[in-house]
Amino acid sequence: MAEPKIIELNNGSMQVKVSNLGCTILSLSVPDKDGNLGDVVLGFDTLEPYQKGLAPYFGSIVGRVANRIKDGKFSLNGVDYTLPINKPPNSLHGGHKGFDKVVWEVAEHKEGEHPSVTFKYHSRDGEEGYPGDLSVTATYTLNSKTTLRLDMEAVPANKATPVSLAQHTYWNLGGHNSGDILDNTAQLWANHITPVDQYTVPTGEIMPVKGTPFDFTAEKQIGRDIQQVGLGYDHNYVLDCGDEKDGLKHAAKIKDPKSSRVLDLWTNAPGLQFYTANYVNGVVGKGGAVYNKHAGVCLETQGFPNAINSPNFPSVVVQPGDKYIHNMVYEFSVE
């Protein structure tokens with residue numbers, strides 16, 4: 001059994017602490033407009049609260065399938081599968097013990113100008129109800145002064161299986177302890193969302209955002225229209241209009257007006273769950289900071305939620321011998 005540990009990646013400009021427990025980003029410190037380093041990730045000072053399940057997926061990689069699967073059921077190749085209903089009435093983020101709660105193997109750790117760490121996990125056939133053995137790797141790399149890259153791969157050994165991994169960090173560019181993110185601006189390169197039912201499962205429809213509170217095609221304050229969408233944003237955006245760079249699409253840009261920190265996110269995934277920490281309530285985090293509703297924003301690039309039961313969504317099924325590949329680039333700057 002691998003032991004949970006903390007690994008630091010530092011290139012002199014930014015500092016990131018990650019753990020092989022759930023491939024979790026524990027902290028990420030980048031400079032503001034005055035050059036002051038600030039930790040922009042919600043989380044805890046030690047691994048213990050993560051191990052005790054006190055984190056609502058803070059910083060972790062979720063899987064085997066991110067987001068909700070309706071009623072915890074799907075059929076594949078004529079076989080019916082039943083998953084744990086850990087978020088009634090649905091299965092969420094891989095079940096009771098998803099990839100965020102397991103200890104991954106530290107396969108490689110490189111230092112130097114482009115420090116990186118590679119985590120590996122072998123998911124068994126039948127684990128949390130999913131079919132087939134699956135070999136998963138996740139590599140975090142500081143590939144330039146203030147850029148973090150995440151490369152996720154998964155290869156099924158013997159059975160077709162749905163695979164959709166997501167990175168669930170809660171970002172607060174003003175600093176993890178700076179209060180809510182409602183005055184931050186967001187731009188999302190998505191002309192559509194997948195609307196949801198009362199249990200946050202997509203209905204199967206693909207809806208234009210134009211003229212709705214979901215429209216972030218132009219930069220706007222996250223809090224501007226948030227009262228019109230219930231508890232807050234928790235929706236899958238269809239990444240259909242971003243410019244491309246190095247094979248990845250521009251997905252999101254978040255900007256904090258006070259610190260002038262900016263995060264640009266690039267990905268090859270088809271969707272992005274835009275989540276404004278609607279259920280975070282009184283969580284005591286790093287340095288005793290109390291995280292409340294809207295204390296951060298999640299930018300979870302992903303396959304569409306419940307795609308396994310929605311024939312008109314891009315398929316998340318991976319065949320044996322084929323490879324699931326999910327890349328994300330987090331570019332930090334000031335402007």
Side-chain angles (χ1 to χ4, degrees), residues 66-70 90 92 164 166-173 180-245 248-257 262-280 293-294 296-316 326 328-331 335:
N67 221 298
R68 288 160 182 83
I69 292 181
K70 187 180 170 81
N90 304 304
L92 176 69
S164 178
Q167 216 302 337
H168 208 300
T169 293
Y170 291 69
W171 302 98
N172 187 330
L173 296 179
D180 69 55
I181 46 80
L182 297 177
D183 67 341
N184 283 207
T185 59
Q187 186 170 1
L188 305 174
W189 277 268
N191 287 319
H192 300 82
I193 60 161
T194 52
V196 292
D197 66 16
Q198 72 200 81
Y199 300 116
T200 325
V201 173
T203 60
E205 187 191 348
I206 292 176
M207 182 187 94
V209 295
K210 194 176 167 68
T212 75
F214 298 103
D215 190 349
F216 283 93
T217 51
E219 199 175 302
K220 80 171 179 191
Q221 273 198 335
I222 293 173
R224 195 187 85 180
D225 301 327
I226 203 167
Q227 302 305 326
Q228 301 172 48
V229 293
L231 289 172
Y233 294 98
D234 192 5
H235 295 78
N236 174 58
Y237 279 72
V238 179
L239 299 173
D240 54 10
C241 57
D243 45 322
E244 280 207 16
K245 183 168 77 173
L248 304 183
K249 293 174 300 196
H250 207 172
K253 176 181 181 176
I254 307 288
K255 185 175 172 183
D256 172 56
V262 175
L263 166 54
D264 280 282
L265 174 59
W266 303 75
T267 189
N268 67 335
L272 176 145
Q273 191 80 6
F274 183 63
Y275 173 53
T276 48
N278 310 326
Y279 301 104
V280 175
K293 189 176 179 182
H294 309 319
V297 61
C298 299
L299 306 166
E300 308 159 57
T301 66
Q302 61 181 1
F304 294 2
N306 197 39
I308 191 69
N309 293 311
S310 310
N312 63 320
F313 287 178
S315 173
V316 292
H326 183 174
M328 305 175 75
V329 171
Y330 302 91
E331 251 180 347
E335 66 174 46

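Every value quoted in this text rests on a predicted model; they were computed, and no experiment measured them. We're numbering straight along the sequence, starting at 1.
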Assign the ring pair W189 / H250 to parallel, tilted or perpendicular, where the plane angle (0 to 90°) is split at 30° and 60°. parallel

Backbone N/O of F214 and side chain of Y237: donor-acceptor pair under 3.5 Å: yes

Can you list everything that forms a ring-ring contact (aromatic ring centres under 6.0 Å, His included) with H294? Sequence neighbours excluded, please. none

Is the shortest heavy-atom distance from the side chain of Y279 to the side chain of D234 under 4.5 Å? yes

Quick check for you: to the nearest 0.5 Å, what is the distance between T200 atom OG1 and N67 atom CG? 8.5 Å

Evaluate the side chain to side chain contact (heavy atoms under 4.5 Å, CB included) criterion for residues L299 and L263: first the C-alpha distance (whole Å), next the side-chain angles of each, then the deciding distance (0.1 Å), finally the verdict. CA-CA 10 Å; L299 306 166; L263 166 54; 4.0 Å; yes

Flag, side chain of K70 to backbone of T203, donor-acceptor distance under 3.5 Å: no

Quick one: closest heavy-atom pair of G303 and P270, and the distance? CA-CG, 4.1 Å

Is any side-chain heavy atom of I254 closer than 4.5 Å to one of L173? yes

Do the side chains of N184 and P257 get nearer than 4.5 Å, heavy atoms only? yes

Measure the CZ-CZ distance between F216 and F274 for me, rounded to the nearest 0.5 Å. 4.5 Å

Run the numbers on L92 and R68 for side chain to side chain contact (heavy atoms under 4.5 Å, CB included), then give the verdict. CA-CA 5 Å; L92 176 69; R68 288 160 182 83; 3.8 Å; yes

Could you grab the distance from atom CD1 of I308 to atom CZ of F313, nearest 0.5 Å is fine? 12.5 Å

V316 and A307: which non-hydrogen atoms are nearest, and at how many Å? CG1-CB, 3.9 Å

Applying side chain to side chain contact (heavy atoms under 4.5 Å, CB included), run through V209 and H192 and close with a yes or a no. CA-CA 5 Å; V209 295; H192 300 82; 5.5 Å; no

How close do A186 and I222 get, heavy atom to heavy atom, and via which atoms? CB-CG1, 3.8 Å

T212 side chain near M207 side chain, heavy-atom distance below 4.5 Å: yes

Is any side-chain heavy atom of V297 closer than 4.5 Å to a side-chain heavy atom of Y233? no

Tell me whether E244 at atom CD has more than 12 heavy atoms from other residues, nucleotides or ligands lying less than 6.0 Å away. yes

Residue among E300, Q302, H235 satisfying side-chain hydrogen bond (donor to acceptor under 3.5 Å, both in side chains) with Q273: Q302

Taking all non-hydrogen atoms of both residues, which atom of L239 and which atom of A269 are closest, and how far apart? CD1-O, 3.6 Å

Pairs touching residues 212-226 that satisfy salt bridge (Lys or Arg N to Asp or Glu O under 4.0 Å), sequence neighbours left out: K220-D225

Is it the case that the side chains of D183 and Q221 hold a donor-acceptor pair, with the cut-off being a distance below 3.5 Å and no angle test? no

Looking only at heavy atoms, which two atoms of M328 and L265 are closest? And how far apart? CE-CD1, 4.0 Å

Side chains of T267 and L272: closer than 4.5 Å at any heavy-atom pair? no

Between N191 and C241 (side chain of the first, backbone of the second, donor and acceptor by atom type, cut-off under 3.5 Å), is there such a pair? no

Can you tell me how far the CG atom of N278 sits from the CD1 atom of I226, to the nearest 0.5 Å? 6.0 Å

At what distance, to the nearest 0.5 angstrom, does OG1 of T194 lie from CD1 of I206? 7.5 Å

Trace of the side chain to side chain contact (heavy atoms under 4.5 Å, CB included) decision for V238 with F304: CA-CA 8 Å; V238 179; F304 294 2; 3.8 Å; yes

Are the side chain of N306 and the backbone N or O of P202 linked by a donor-acceptor pair below 3.5 Å? no

Interatomic distance, CG@L188 vs OG1@T217, rounded to 0.5 Å, equals 9.0 Å

